[in-house]
Asker: 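Quick one: the structure is below, and I'll ask about it shortly.
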Number of protein chains: 2
Amino acid sequence: MNAQRRRADATENRARIVEAARELVADGGEVMLNAVAKKAGVGQGTLYRHFPTRDDLFAEVYRQDVEELVDAAPALVAEYDPLSALSAWFDRLVAYARVKRGVLAAVEAGVRRDLADHSHGPIGDAVTTLLEAGKADGTIRSDVDARDVVLLVGYLSRLDDGEWDGRARRLLDVVLDGLRRGA
Amino acid sequence: MNAQRRRADATENRARIVEAARELVADGGEVMLNAVAKKAGVGQGTLYRHFPTRDDLFAEVYRQDVEELVDAAPALVAEYDPLSALSAWFDRLVAYARVKRGVLAAVEAGVRRDLADHSHGPIGDAVTTLLEAGKADGTIRSDVDARDVVLLVGYLSRLDDGEWDGRARRLLDVVLDGLRRGA
DNA sequence: ACCTGAACACCGTTCAAGT
DNA sequence: ACCTGAACACCGTTCAAGT
């Protein structure tokens with residue numbers, strides 16, 4: 001499972017696939033899987049061996065970005081009050097989603113996997129950390145979980161380019177208000 | 001543009017395409033456009049002549065359902081307070097979305113077209129009616145529009161089958177709280 | 001003016017052969 | 001054990017010919 005057990009060429013192919021995908025994403029537009037394989041200089045079958053689904057590939061492409069999002073959560077909770085921490089985390093999420101549209105898909109795929117595993121992975125843990133802090137001090141409603149939050153912010157992936165400035169952040173505030181514990 | 005100007009065979013073909021699509025949707029699973037044409041007994045080209053995009057077709061397939069949603073809005077506003085009216089309208093939306101998953105796509109496509117036209121169509125008008133009532137009496141925040149609401153409820157189309165009971169309605173309440181004018 | 005459907009285009013996925 | 005890439009499968013879209 002880990003890199004040490006893999007053959008050296010397999011490890012390198014995997015890295016080249018991820019790097020090729022990252023570059024194609026940066027070029028903008030739709031990313032075709034066969035184009036990723038071609039750019040990486042591997043056969044299509046090799047791509048499928050390493051990444052059975054499209055989500056698996058892009059989760060890895062954005063692993064570092066997602067990791068930063070995940071790591072930020074505990075720090076924000078420690079520094080700010082729960083609602084401010086969640087709001088600040090949303091800010092980061094929007095920033096990533098704007099520049100790297102695929103990050104949101106990686107986050108969604110991650111939370112979906114977490115849910116299917118019946119065990120929280122890093123992403124589910126991060127969002128849960130933010131929510132639990134607010135539930136503990138009564139500022140966030142107790143009947144929401146990580147999956148709920150990811151579902152609600154999913155609109156970000158359906159925004160047209162021209163709508164970002166007008167809606168992306170403002171609607172996160174609407175969501176945030178919805179997550180507040182009601183009067 | 002209207003049916004009277006069309007040739008009789010064209011009018012009938014259009015109706016048969018919509019009916020075929022409706023039946024295929026009812027059968028469940030993914031609907032292939034060529035399968036719609038085949039079932040309707042028309043050439044693929046004919047389908048494209050009548051419905052240039054997939055959204056155009058399904059907006060028509062669900063026109064009646066969408067019409068009911070649209071018509072319900074003014075009646076609800078007349079009968080209930082604005083927040084209750086919006087909540088009741090959400091109830092209907094969930095009911096349609098649950099039984100006929102495509103309805104939401106039709107609504108989204110409709111609002112998107114409304115937005116692109118810079119003029120509100122029926123769907124945009126319906127949601128706007130609900131929002132304006134609440135803005136007028138101060139129960140709904142003034143900085144949201146129809147497109148915002150449609151974006152936020154879009155999570156419904158991404159719910160897994162097993163999640164409906166647990167999340168569909170509960171998250172609409174979260175959205176509703178977010179739309180409330182804050183303290 | 002409208003319809004047909006073969007043909008094309010596109011892209012994800014597999015698998016027999018090779019190293 | 002892993003890789004290659006031709007071939008397949010699938011489905012949306014077009015367009016020359018026909019009515």
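Below, chains carry the letters A, B, ... as their sequence lines are ordered, and counting in each starts from 1.
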Asker: Given atom CD of A:E12 and atom C1' of D:dC2, what is their separation to the nearest angstrom?
Answerer: 14 Å
Asker: For D:dT19, what is the paired nucleotide under Watson-Crick or G-U wobble rules, both distances under 3.5 Å?
Answerer: C:dA1
Asker: Output yes when B:D137 and B:R181 qualify as a salt bridge under the 4.0 Å nitrogen-oxygen rule, no when they do not.
Answerer: no
Asker: Between A:Y155 and B:V153 (side chain of the first, backbone of the second, donor and acceptor by atom type, cut-off under 3.5 Å), is there such a pair?
Answerer: no
Asker: In whole Å, I'd like the distance from the CZ atom of A:F51 to the P atom of C:dT13.
Answerer: 14 Å
Asker: Output yes when B:D143 and B:R141 qualify as a salt bridge under the 4.0 Å nitrogen-oxygen rule, no when they do not.
Answerer: yes
Asker: Taking CG from B:D9 and P from C:dA1, how many angstroms apart are they, rounded to a whole number?
Answerer: 13 Å
Asker: Partner of C:dA7 by Watson-Crick or G-U wobble geometry, both contacts under 3.5 Å, or none?
Answerer: D:dT13
Asker: Please tell me whether A:T53 and A:D55 have a donor and an acceptor in their side chains that are separated by less than 3.5 angstrom.
Answerer: no
Asker: How many Å lie between CG on B:L57 and C1' on D:dT13, as a whole number?
Answerer: 15 Å
Asker: When you check the gap from the basic side-chain N to the acidic O, do B:E68 and B:R92 get nearer than 4.0 Å?
Answerer: no
Asker: Closer than 4.0 Å, any side-chain N/O of A:H50 to the OP1 or OP2 of D:dC2?
Answerer: no
Asker: Rounded to the nearest Å, what distance is computed from the CE atom of residue A:M32 to the P atom of nucleotide C:dG12?
Answerer: 7 Å
Asker: Mind calculating the distance between NZ (A:K38) and C1' (D:dT4) to the nearest angstrom?
Answerer: 15 Å
Asker: Counting only pairs under 3.5 Å, give me each side-chain donor-acceptor contact of residues 125-136 of chain A, with atom names and distances, residues two or more places apart or in other chains.
Answerer:
{"from": "A:T128", "atom 1": "OG1", "to": "A:H120", "atom 2": "ND1", "distance (Å)": "3.2"}
{"from": "A:T128", "atom 1": "OG1", "to": "A:G124", "atom 2": "O", "distance (Å)": "2.6"}
{"from": "A:T129", "atom 1": "OG1", "to": "A:D125", "atom 2": "O", "distance (Å)": "2.8"}
{"from": "A:K135", "atom 1": "NZ", "to": "A:V144", "atom 2": "O", "distance (Å)": "2.7"}

Asker: Is there a donor-acceptor contact under 3.5 Å from the side chain of B:R158 to the main chain of A:L151?
Answerer: yes
Asker: Would you tabulate the pairs of protein nitrogen or oxygen atoms and nucleotide nitrogen or oxygen atoms of nucleotides 14-16 of chain D closer than 3.5 angstrom?
Answerer:
none

Asker: Taking CZ from A:R49 and P from D:dA1, how many angstroms apart are they, rounded to a whole number?
Answerer: 10 Å
Asker: What's the CG-P distance between B:N34 and C:dA6, to the nearest Å?
Answerer: 11 Å
